Amino acid sequence: MLIAGNWKMFKGVGEAGEFCRALREADLGTVDVVVCPPYVSLAAAVQALSMTEIGVAAQNVHWADDGAFTGEISAPMLRELGVYGTIVGHSERRQFFGETDDTVVKRILAAMEHGLHVIACVGETASEREAGDTESVIRRQVGAIAEGVADTDDLVIAYEPVWAIGTGKTATPEIAQEAHALVKSILDVPVLYGGSVKPDNAAELAAQPDVDGALVGGASLDVKSFATICREASHS
Ligand code: 13P
């Protein structure tokens with residue numbers, strides 16, 4: 001069971017260090033724990049969490065090792081910082097920054113080539129679900145990854161229905177289970193659930209047979225609520 005906290009564009013260096021020092025002291029149960037700070041706070045997080053089991057991952061990575069790509073960060077740069085992995089293909093990147101199934105695969109391959117673990121995100125929007133397209137969207141997104149990535153040892157998929165992200169509208173455990181089973185039928189890797197995971201719904205989601213953890217946004221920004229989610233998920 002893996003619980004990853006995606007901080008999105010929250011917590012600069014000072015706050016990140018403070019959070020990680022508090023996280024070191026917290027009771028996190030028995031799950032594997034990863035935090036994903038913004039780029040500028042990665043070094044502070046790596047330092048504050050050194051000699052612990054808690055991993056630090058980035059929120060994105062470019063596919064080239066270096067080059068004229070203003071504003072981008074490469075896998076070797078992340079490795080040099082001591083970062084353990086990266087999120088790829090988050091719906092916010094697909095929605096606002098032109099990420100496609102194609103670029104997601106390129107980023108996954110580059111990350112893995114340099115020894116980074118990857119959490120690759122998939123999930124349908126509200127209108128896709130309403131139109132009855134959930135299955136075809138998941139098949140397309142996961143299918144692209146299955147086709148493009150041969151070695152999936154260091155790969156985890158996060159199923160994050162876009163309508164559940166930051167809305168407080170969590171997928172029911174049944175909806176999550178159904179989607180996770182579909183993902184696994186296409187690509188046999190662990191699948192995290194993401195979308196309004198909170199201390200009071202973490203246990204029932206984690207109890208589903210094909211839910212292997214959670215990718216937590218808002219509720220990962222507070223040490224107490226993040227630690228509670230970790231402990232709740234530990235019971236299943
Ligand atoms: P929330 O937990 O804030 O809904 O965000 C989920 C998410 O996007 C994690 O990557």
Side-chain angles (χ1 to χ4, degrees), residues 1-11 15-16 19 23 31-39 41-42 45 54-61 83-97 99 104 107-108 111 116-126 128-129 134 137-138 141-142 145 155-173 175-176 179-180 183 189-206 208 211-233:
M1 187 72 57
L2 169 66
I3 306 296
N6 175 12
W7 296 1
K8 308 192 178 183
M9 201 172 70
F10 291 94
K11 297 191 192 297
E15 261 188 85
F19 179 100
L23 195 62
V31 294
D32 296 322
V33 179
V34 171
V35 293
C36 309
Y39 285 131
S41 304
L42 285 170
I54 303 168
V56 177
Q59 297 174 16
N60 193 18
V61 67
V83 165
Y84 141 99
T86 185
I87 296 171
V88 166
H90 191 278
S91 64
E92 285 147 19
R93 299 227 53 95
R94 293 181 190 256
Q95 267 182 294
F96 307 128
F97 301 100
E99 195 76 70
V104 166
R107 291 181 203 276
I108 295 173
L116 292 170
H117 290 72
V118 174
I119 300 172
C121 304
V122 301
E124 80 286 359
T125 63
E128 286 164 343
R129 175 162 284 268
T134 298
V137 169
I138 293 175
Q141 293 177 337
V142 180
I145 296 169
L155 178 66
V156 169
I157 297 283
Y159 169 64
E160 299 206 304
V162 180
W163 47 270
I165 294 178
T167 59
K169 260 204 240 165
T170 320
T172 62
I175 289 179
H180 285 219
V183 170
V189 295
V191 183
L192 313 182
Y193 169 78
S196 299
V197 175
K198 307 286 176 205
D200 62 2
N201 60 28
E204 58 176 3
L205 287 160
Q208 297 303 307
V211 174
D212 303 307
L215 183 54
V216 187
S220 75
L221 295 173
D222 174 78
V223 174
K224 262 197 194 151
S225 76
F226 188 53
T228 306
I229 288 170
C230 293
R231 288 196 305 275
E232 288 292 320

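When a ligand or atom number is given, it counts from 1 through the structure's own listing order. Since the structure is predicted, the reported quantities are computational estimates derived from the model, not experimental observations.
The residue Ser220 has no part lying near ligand 1, judged by heavy-atom distances below 4.0 Å.
In this structure, Phe19 and Phe226 have tilted ring planes: the angle between them lies in the 30° to 60° band.
Close N/O approach between Lys198 and ligand 1 is not found [any backbone or side-chain N/O within under 3.5 Å]. Considering backbone and side-chain atoms together, Ile165 places no N or O closer than 3.5 Å to any N or O of ligand 1. Considering both main-chain and side-chain atoms, Ala219 never comes within under 3.5 Å of ligand 1 through any nitrogen or oxygen pair. Between Glu160 and ligand 1, at least one pair of N/O atoms sits closer than 3.5 Å. Considering backbone and side-chain atoms together, Val216 places no N or O closer than 3.5 Å to any N or O of ligand 1.
The distance from ligand 1 to the heavy atoms of Ala164 drops below 4.0 Å at these ligand atoms: 4 (O). Contact atoms of ligand 1 toward Leu215: 9 (C), 10 (O) (distance under 4.0 Å to a heavy atom of the residue). Each of the atoms 1 (P), 2 (O), 4 (O) of ligand 1 lies under 4.0 Å from some heavy atom of Ser196.
Proximity of a side-chain donor or acceptor of Gln141 to a complementary backbone N or O of Gly123 within less than 3.5 Å is detected. A donor-acceptor distance shorter than 3.5 angstrom exists from the side chain of Gln59 to the backbone of Cys36, with no hydrogens or angles considered. Thr170 places a side-chain N or O within donor-acceptor distance of the main-chain N or O of Ser196, the cut-off being under 3.5 Å. Under a 3.5 Å cut-off, the side chain of Lys169 and the backbone N or O of Trp163 do not form any donor-acceptor pair. Of the possible polar contacts, none joining the Arg129 side chain to the Thr134 backbone as a donor-acceptor pair under 3.5 Å is found. Of the possible donor and acceptor atoms, one in the side chain of Tyr193 sits under 3.5 Å from a partner among the backbone N and O of Gly195.
Of all the listed residues (Gly166, Gly5, Gly168), Gly166 holds the heavy atom that lies closest to atom 4 (O) of ligand 1.
Protein heavy atom in closest approach to atom 5 (O) of ligand 1: Lys8 NZ, 3.3 Å. Annotation: atom 2 (O) of ligand 1 to nearest protein heavy atom, Gly217 N, 2.9 Å. Atom 3 (O) of ligand 1 has its closest protein heavy atom at Gly218 N, 2.8 Å.
Note that the NZ atom of Lys8 and the CD1 atom of Ile87 stand 9.0 Å from one another [nearest 0.5 Å].
Contacts of Asp212 classified as side chain to side chain donor-acceptor pair (under 3.5 Å), with partners at least two apart in sequence or in another chain: Lys184.
Residue contacts with ligand 1 include Gly195, since one or more of its heavy atoms lies under 4.0 Å from the ligand.
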